[in-house]
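Step one of this worksheet: look at the structure below.
We name chains A, B, ... by the order of the sequence lines, and we start the count at 1 in each one. Just so it is clear, the values below take in all heavy atoms, side chains as well, and ignore hydrogens, waters and symmetry mates.
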Protein chains: 2
Amino acid sequence: MKKVGTKSKILDAAQDCVQRVGANAMSYQDISDAVGIQKASIHYHFPTKERLIEALIDRYSERFFSLVQSIVESELSPETKLRRYGLLFEAMLSEGERGKVCLCGILGAELATMSPVATDNIRRFFRENEKRLAEILDEGRREGAFKFEGDSRSMATLVFSLLEGAMLVVRADEGTQRFGAIMRQMIKLVCP
Amino acid sequence: MKKVGTKSKILDAAQDCVQRVGANAMSYQDISDAVGIQKASIHYHFPTKERLIEALIDRYSERFFSLVQSIVESELSPETKLRRYGLLFEAMLSEGERGKVCLCGILGAELATMSPVATDNIRRFFRENEKRLAEILDEGRREGAFKFEGDSRSMATLVFSLLEGAMLVVRADEGTQRFGAIMRQMIKLVCP
DNA sequence: GTCTATATAGAGATAGAC
DNA sequence: GTCTATCTCTATATAGAC
């Protein structure tokens, strides 16, 4: 049994809110309502909104890469790894009423209003994802499971952009199943 | 010589701002500064911010589809059509200091805070783009210029998501040239 | 049409009691 | 650690003079 402190609850509520409406539309009042704590109390844990957002990115990145790493290091086939990777994103779209998108994806859209530290870490999230994806794609191509032209890093950037973009585009149609269709189409493109 | 009225100047300033920072971070003060008009005067032309955003989407969609239509109806090769289509997005990234992204792309990220009318029209923008893109892809496949599995509509959704996502991802790296790399990689995937 | 002045609401943040 | 109370700033929006 892991104790869930207030700090963690604040992060949970803030993350949920940001993934739905974005950082600029998320307010301390929203967190206050969700956690059942006064607005002022939030400042005890996170002095400013900027630091709260930065903490959000850190925790999200850590958790996400932990999941990605377990996929990359598994004994699954490259194709299954790619599918599982895509499912990490697809799962977010299914959460709750209208679905969430990737935290760093939505913050990427709001990048111009982020702090320098946040900007750096969002950029790092993008790059690290591309790196892991490139590993999967590269392994798959060497084994003959995948077939594509060009270097695997470019291909990884393409796939990552595709997934981040698909979350936003598909959400406008309230269609989680459309994300799956895009995933399958992507798999068709790289499987010989 | 076309007369450029205040209403048009307001839309220009607002669009520029939204494409850089998003609708939630764009304020009447920003427009006031850019146009050289008082905040209150903006309300004469657009009674509320919601209507201003809706007008923004309408004008942007109309202009964008006019450009897309001229590509679709041209005598260019399917591959060149696809390239030209991608260049419409790439051109935005090159505008000004840190570049802009697609208006409807960034509003798609902020979708949960948009008015119902705006939401509908952003969704329509996505669907219409996919439709035109599907025409290009379908024509290319029939001619043998493109080669891909599945239906052209799924492929169109994939390509559109890819371009919208790439704008956001690439901007974090201040790399316009990376967008071109993704475009080339995408072309490689569909050209036999 | 554009201005000045103002209304009203909400944001993030701080001080100090408990 | 959390509360109440309050501050300051900025946002959108309105009223009425010019």
*Round to a whole Å and report the spacing from CD1 of A:Ile31 to C1' of C:dA13.*
14 Å

*Yes or no on side chain to side chain donor-acceptor pair (under 3.5 Å) for A:Asn24 and A:Thr113, after CA distance, side-chain angles and deciding distance?*
CA-CA 8 Å; A:Asn24 291 325; A:Thr113 62; 3.2 Å; yes

*Fit a plane to each ring of A:Tyr60 and A:Phe64, take the angle between them on a 0 to 90° scale, and name the class: parallel (under 30°), tilted (30 to 60°) or perpendicular (over 60°).*
parallel

*Within 45° of the ring axis of A:Phe65 and under 6.0 Å from its six-membered ring centre, is that where the NZ or CZ of A:Arg132 lies?*
yes

*Please round to 10 degrees the angle between the axis of the first five pairs and the axis of the last five pairs in the helix from C:dG1-D:dC18 to C:dC18-D:dG1.*
0°

_Less than 6.0 angstrom from the centroid, inside 45 degrees of the normal: does B:Lys7 satisfy that with respect to the ring of B:Tyr44?_
no

_Please confirm whether the shortest side-chain N or O distance from A:Ser27 to OP1 or OP2 of C:dG10 is below 4.0 Å._
no

*Which of residues 34-58 of chain A have a heavy atom under 4.0 Å from DNA chain D?*
A:Ile37, A:Gln38, A:Ala40, A:Ser41, A:Tyr44, A:His45

_Residue pair A:Phe126, A:Phe160: steps toward the ring pair (Phe, Tyr, Trp, His ring centres under 6.0 Å) verdict_ = CA-CA 8 Å; A:Phe126 291 167; A:Phe160 182 70; 5.6 Å; yes

*Distance in angstrom units between B:Asp33 CG and D:dA11 P, rounded*: 10 Å

*Has B:Tyr28 got a side-chain N or O lying under 4.0 Å from the OP1 or OP2 atom of D:dA11?*
no

*So which pairs with a foot in residues 176-186 of chain A pass side-chain hydrogen bond (donor to acceptor under 3.5 Å, both in side chains), sequence neighbours left out?*
A:Asp173-A:Arg178, A:Arg178-B:Glu130, A:Arg178-B:Thr157

_Could you check whether any side-chain heavy atom of B:Asp138 comes within less than 4.5 Å of a side-chain heavy atom of B:Asp151, counting everything from C-beta outward?_
no

*Are A:Ser32 and A:Gln38 linked by a side-chain donor-acceptor pair shorter than 3.5 Å?*
no

